[in-house]
Peer 1: 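I have a structure I would like to understand better, so I am pasting it below and will then ask my questions one at a time.
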Amino acid sequence: MEIDFSKISVDELLEKIGAGKHIPGSGSSAALQVMVNAQLLLTVIKITLKPNKKEKYGHEWPQMQVLKEKIENVYIPQLNQLFHDDYIVYDEVITTRKLRDHLKSEIEEGIPNKFLKVKSKLDQDHLSATKIVIEIAKLSHEIAREGLYVFLNGFKGARGDSALAIQNSLSVIIGSLHIAELNLRQLIGHEEFDDLELEIDKIRSDYFKTYSEAQIKIKVLQRQIEKAKHSQFKIGNVLSKVNVSEIEKTVRAFQLQLFNDSTSKDLDSVTNAELAFNFLGYDIKKVPSLGVFNDFDGTKETAGAIDNVKKIVRVAIKFSPPVQRYTMAHELGHAILHHNSLRLLHRDRELDSRIDNPRRDSIEVQADKFAAFFLMPRKEMKAQFLARFHTEKLKINEDVAFHLGISLSDLKRSTKKKGIFPVLSPLPPFIQVNHLSLLPTNSKYL
């Protein structure tokens with residue numbers, strides 16, 4: 001008797017398994033479980049192969065495609081066949097066993113020929129049943145191994161599926177070996193007994209190796225949870241202190257947290273926006289271009305974008321490294337100051353001297369201020385300023401404007417007081433972008 005999976009419901013199948021009959025037996029159930037595990041891996045693989053996952057998982061696509069075809073065209077058909085083979089063979093075992101018991105009386109009557117013939121068939125049925133569950137155990141081990149690859153390299157959001165497939169497959173291996181050993185008791189003295197016993201020992205050895213490896217790798221989820229809990233606690237402390245009316249204090253509190261978490265304790269550890277985004281749990285994508293959009297004064301090239309919902313930051317690498325650095329700091333300002341926003345925030349243009357345009361969105365101005373305070377901390381800027389100019393105030397003139405690389409009129413417009421630039425105010429962003437080299441990377445300002 002065979003089960004046509006296309007014509008039977010899950011409820012009907014479960015009813016058959018739990019009906020108190022010998023079929024479907026433990027071997028068929030083991031094959032069914034491995035098929036479910038294979039399908040779980042197939043789900044993760046298909047998600048990984050979706051077009052919107054190419055940016056992150058594209059380098060794994062060739063291997064994922066090979067594995068997908070192997071599961072669909074090799075593993076599942078083989079397991080399906082083993083399910084039915086066990087269903088049929090074990091039914092034969094029970095039928096032949098009943099006949100053997102019925103014929104035991106022949107021995108007492110001195111005519112054992114028919115009995116011995118039936119016993120020989122029973123041994124052959126036990127042998128076939130044992131080989132079937134051994135094959136199921138082998139395939140289950142292969143699925144567990146493939147599962148480790150999918151767990152480590154496939155779509156991270158579906159790791160529950162791949163982890164379940166691994167653990168279930170490992171359980172099926174041991175269960176199948178128990179079934180094989182139970183059958184093997186009936187084959188002591190059989191010419192193939194030693195070979196079968198060696199094969200079972202080999203599978204058990206492989207199981208323990210894979211089991212140990214799986215426990216180490218799957219525990220990464222536990223470690224990630226603990227790390228995420230710890231990080232979220234620290235991030236929560238930072239975000240709870242956000243005050244858009246006191247942006248410098250917000251930056252200061254955030255940088256203190258970055259400094260405490262850093263092992264290097266240098267200026268880069270608190271002014272590197274990439275490190276800061278990693279701390280916040282954002283993914284950074286550097287792309288050739290982010291396209292253009294219409295701004296208040298015409299079509300502009302987008303320098304960067306942030307999605308606070310998905311926690312993704314994108315930066316256009318077509319701009320110079322200093323502009324990219326400032327853009328990333330600007331987006332960091334959005335991540336901190338506007339973390340509750342559900343809309344896609346974007347840096348609307350490459351930084352220039354017109355950021356104070358009254359038509360500019362207030363949140364963009366806030367993010368610019370955050371970037372200036374973040375990249376050039378007040379205490380460090382003051383120390384560098386004093387070291388170079390030996391004064392806290394610098395008179396604005398043609399000479400200073402020339403060395404800063406801007407016009408005198410633009411420089412005066414960027415300062416609050418005409419003619420004097422106080423070091424205690426952050427440098428205007430467009431000056432800061434062109435003079436990041438003012439800050440040494442080994443400085444410890446905290």
Peer 1: Are the side chains of Leu275 and Leu258 in contact, using a 4.5 Å heavy-atom criterion?
Peer 2: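 Leu258 does not reach Leu275 side chain to side chain.
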Peer 1: Between Phe254 and Phe370, how do the two ring planes meet: parallel, tilted or perpendicular, split at 30° and 60°?
Peer 2: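 Rings of Phe254 and Phe370: tilted, as their planes differ by 30° to 60°.
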Peer 1: For a quick test of reading the model, state the closest non-hydrogen atom pair linking Ala276 to Leu332 and the distance between them.
Peer 2: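 It is CB-CD2, 3.6 Å.
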Peer 1: Any chance you could measure Phe373, atom CZ, to Arg252, atom CZ, to the nearest 0.5 Å?
Peer 2: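 Spacing of CZ (Phe373) from CZ (Arg252) equals 12.5 Å.
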Peer 1: Does the pair Asn278 and Glu274 meet the rule for a side-chain hydrogen bond (donor to acceptor under 3.5 Å, both in side chains), with working shown?
Peer 2: CA-CA 6 Å; Asn278 288 334; Glu274 289 195 48; 5.9 Å; no
Peer 1: So, Asn153 side chain and Tyr149 main chain: donor-acceptor pair closer than 3.5 Å or not?
Peer 2: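 Looks like yes, one N/O pair under 3.5 Å.
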Peer 1: For Lys70 and Glu146, run salt bridge (charged side-chain N to carboxylate O under 4.0 Å, His left out): C-alpha distance rounded to whole Å, both residues' side-chain angles, the deciding distance at 0.1 Å, then the answer.
Peer 2: CA-CA 10 Å; Lys70 193 173 183 180; Glu146 304 290 16; 3.6 Å; yes
Peer 1: List the residues meeting side chain to side chain contact (heavy atoms under 4.5 Å, CB included) with Lys318, not counting sequence neighbours, and say none if there are none.
Peer 2: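 Scan of Lys318 (side chain to side chain contact (heavy atoms under 4.5 Å, CB included), adjacent residues dropped) gives Ser289, Glu301, Ala316.
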Peer 1: Looking at every non-hydrogen atom in both residues, tell me the closest pair between Phe374 and Ala329 and how far apart they are.
Peer 2: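 Distance-wise, the nearest heavy atoms are CD2-CB, 4.3 Å.
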Peer 1: Applying side chain to side chain contact (heavy atoms under 4.5 Å, CB included), run through Ile284 and Met328 and close with a yes or a no.
Peer 2: CA-CA 9 Å; Ile284 299 171; Met328 201 171 297; 4.2 Å; yes
Peer 1: Pairing donors with acceptors under 3.5 angstrom, does anything connect the side chains of His330 and Glu364?
Peer 2: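 Indeed, the side chains of His330 and Glu364 share at least one donor-acceptor pair under 3.5 Å.
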Peer 1: Spell out, as yes or no, whether a donor-acceptor pair under 3.5 Å connects the side chain of Thr302 to the backbone of Gly304.
Peer 2: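 No: the side chain of Thr302 does not pair with the backbone of Gly304.
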Peer 1: I'd like to check Glu181 versus Ile200 (side-chain heavy atoms, cut-off strictly below 4.5 Å). Are they in contact?
Peer 2: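 When only atoms from C-beta onward are counted, Ile200 and Glu181 do touch, with a gap below 4.5 Å.
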Peer 1: If you measure from CD1 on Ile76 to CG on Leu42, what distance do you get to the nearest 0.5 Å?
Peer 2: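 Here the interatomic distance stands at 5.5 Å.
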Peer 1: Are the side chain of Asn272 and the backbone N or O of Asp268 linked by a donor-acceptor pair below 3.5 Å?
Peer 2: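 Answer holds: no.
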Peer 1: Any side-chain heavy atom of Leu49 sitting closer than 4.5 Å to one from Lys46?
Peer 2: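 Side-chain contact under 4.5 Å: no.
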Peer 1: If you apply the rule side chain to side chain contact (heavy atoms under 4.5 Å, CB included), what do you find for Val270 with Ser262, and how did you get there?
Peer 2: CA-CA 8 Å; Val270 294; Ser262 169; over 6 Å; no
Peer 1: Measure across Ala38 and Ile71 and return the closest heavy-atom pair with its distance rounded to 0.1 Å.
Peer 2: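 That closest heavy-atom pairing would be O-CG2, 3.8 Å.
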Peer 1: Where is the tightest heavy-atom contact between Tyr326 and Leu375, given as atom of each residue plus distance?
Peer 2: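 Heavy-atom minimum between the residues: CD1-CD1, 3.6 Å.
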Peer 1: Step by step, work out the side chain to side chain contact (heavy atoms under 4.5 Å, CB included) result for Tyr57 and Ile47.
Peer 2: CA-CA 10 Å; Tyr57 300 102; Ile47 294 174; over 6 Å; no
Peer 1: Going from CD on Glu60 to CD on Gln65, what distance comes out if it is rounded to the nearest 0.5 angstrom?
Peer 2: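 The CD atom of Glu60 sits 13.5 Å away from the CD atom of Gln65.
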Peer 1: Checking Asp86 side chain against Leu82 main chain: does a donor-acceptor pair fall under 3.5 Å?
Peer 2: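 Judged by distance alone, no pair lies under 3.5 Å.
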Peer 1: Is it the case that more than 12 heavy atoms not belonging to Lys285 sit under 6.0 Å from its NZ atom?
Peer 2: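 Result for NZ/Lys285: enclosed.
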Peer 1: Starting at CD1 of Ile143, measure out to CG of Asn37 and round the result to the nearest 0.5 Å.
Peer 2: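 The distance works out to 7.5 Å.
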Peer 1: Would the distance check show the side chain of Lys156 and the main-chain N or O of Leu152 forming a donor-acceptor pair, the cut-off being under 3.5 Å?
Peer 2: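 It does hold such a pair.
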Peer 1: Determine the minimum heavy-atom distance between Val313 and Glu331, stating which atoms define it.
Peer 2: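 The answer is CG1-CB, 4.1 Å.
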Peer 1: Calculate, to the nearest 0.5 Å, the distance between atoms CG and CD belonging to Leu79 and Gln33 respectively.
Peer 2: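 If I round to the nearest 0.5 Å, the distance is 11.5 Å.
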Peer 1: State the CD1-CD1 distance between Ile203 and Ile134, to the nearest 0.5 angstrom.
Peer 2: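 Nearest 0.5 Å value for the CD1-CD1 distance: 5.5 Å.
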Peer 1: Does this structure show an ion pair linking Glu192 with Lys131, if we count only N-O contacts that are shorter than 4.0 Å?
Peer 2: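 Salt bridge: yes.
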Peer 1: Using a 3.5 Å distance criterion without hydrogens, assess whether the side chain of Ser205 forms a donor-acceptor pair with backbone atoms of Asp201.
Peer 2: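 Not at all, since once roles are kept as given, no pair shorter than 3.5 Å links the two residues.
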Peer 1: Between the side chain of Asn183 and the main-chain N/O of Leu127, is any donor-acceptor distance below 3.5 Å?
Peer 2: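 Checking the backbone N and O of Leu127 against the side chain of Asn183, no donor-acceptor pair under 3.5 Å is found.
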Peer 1: Start with the C-alpha distance between His338 and Asn308, add both sets of side-chain angles, then the distance that settles side-chain hydrogen bond (donor to acceptor under 3.5 Å, both in side chains), and finish with yes or no.
Peer 2: CA-CA 8 Å; His338 314 123; Asn308 276 335; over 6 Å; no
Peer 1: For Ile317, give me all partners under side chain to side chain contact (heavy atoms under 4.5 Å, CB included), at least two apart in sequence or on another chain.
Peer 2: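 With neighbours one apart ignored, the set is Lys286, Gln324.
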Peer 1: Any salt bridge between Glu142 and Arg145, counting N to O under 4.0 Å?
Peer 2: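 Judged by the 4.0 Å cut-off on N to carboxylate O distance, Glu142 and Arg145 do not form a salt bridge.
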Peer 1: Should Val315 and Val287 count as side-chain neighbours, where that means a heavy-atom distance under 4.5 Å?
Peer 2: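 The answer is no; the side chains never approach within 4.5 Å.
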Peer 1: Do the side chain of His84 and the main chain of Asn80 share a donor and acceptor less than 3.5 angstrom apart?
Peer 2: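 The answer is yes, because a donor-acceptor pair under 3.5 Å joins these two groups.
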Peer 1: Would you say the side chain of Glu135 lies within less than 4.5 Å of the side chain of Gln78, judging by non-hydrogen atoms?
Peer 2: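 With C-beta onward as the side chain, the pair stays apart.
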Peer 1: Is the shortest side-chain heavy-atom distance between Val36 and Asn168 below 4.5 Å?
Peer 2: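 Not in contact.
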Peer 1: Under a 4.5 Å cut-off applied to non-hydrogen side-chain atoms, are Ile173 and Thr210 in contact?
Peer 2: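 No - every pair of side-chain heavy atoms lies 4.5 Å or more apart.
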Peer 1: Salt bridge check: are Lys138 and Glu199 linked by an N-O gap of less than 4.0 Å?
Peer 2: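 Salt bridge between Lys138 and Glu199, a charged N being under 4.0 Å from a carboxylate O: yes.
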Peer 1: Is there a side-chain contact between Tyr282 and Ile312 in this structure, where contact means two heavy atoms from C-beta onward sitting under 4.5 Å apart?
Peer 2: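 Tyr282 does not reach Ile312 side chain to side chain.
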Peer 1: Could you check Lys311 against Asp283 for side chain to side chain contact (heavy atoms under 4.5 Å, CB included), going step by step and ending with a plain yes or no?
Peer 2: CA-CA 6 Å; Lys311 288 197 169 185; Asp283 286 330; over 6 Å; no
Peer 1: Between Glu72 and Lys68, does at least one N-O distance fall below 4.0 Å, as a salt bridge requires?
Peer 2: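 Salt bridge flag = yes for Lys68 with Glu72.
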Peer 1: Grab the two heavy atoms, one from Ile166 and one from Ala214, that are nearest each other, plus how far apart they are.
Peer 2: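 Ile166 and Ala214 have their closest heavy atoms at CG2-CB, 3.9 Å.
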Peer 1: With a 3.5 Å distance limit and no angle check, can you tell me whether Ser169 reaches the backbone of Ala165 through a side-chain donor-acceptor pair?
Peer 2: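 Checking the backbone N and O of Ala165 against the side chain of Ser169, a donor-acceptor pair under 3.5 Å is found.
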Peer 1: Treating Ser140 as the side-chain partner and Val172 as the backbone partner, does any N or O pair qualify as donor plus acceptor under 3.5 Å?
Peer 2: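 No.
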Peer 1: When you measure from the centre of the six-membered ring of Phe155, is the NZ or CZ of Lys53 under 6.0 Å away and within 45° of the axis?
Peer 2: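 Positive - Lys53 is close enough to the ring of Phe155 and near enough to its axis.
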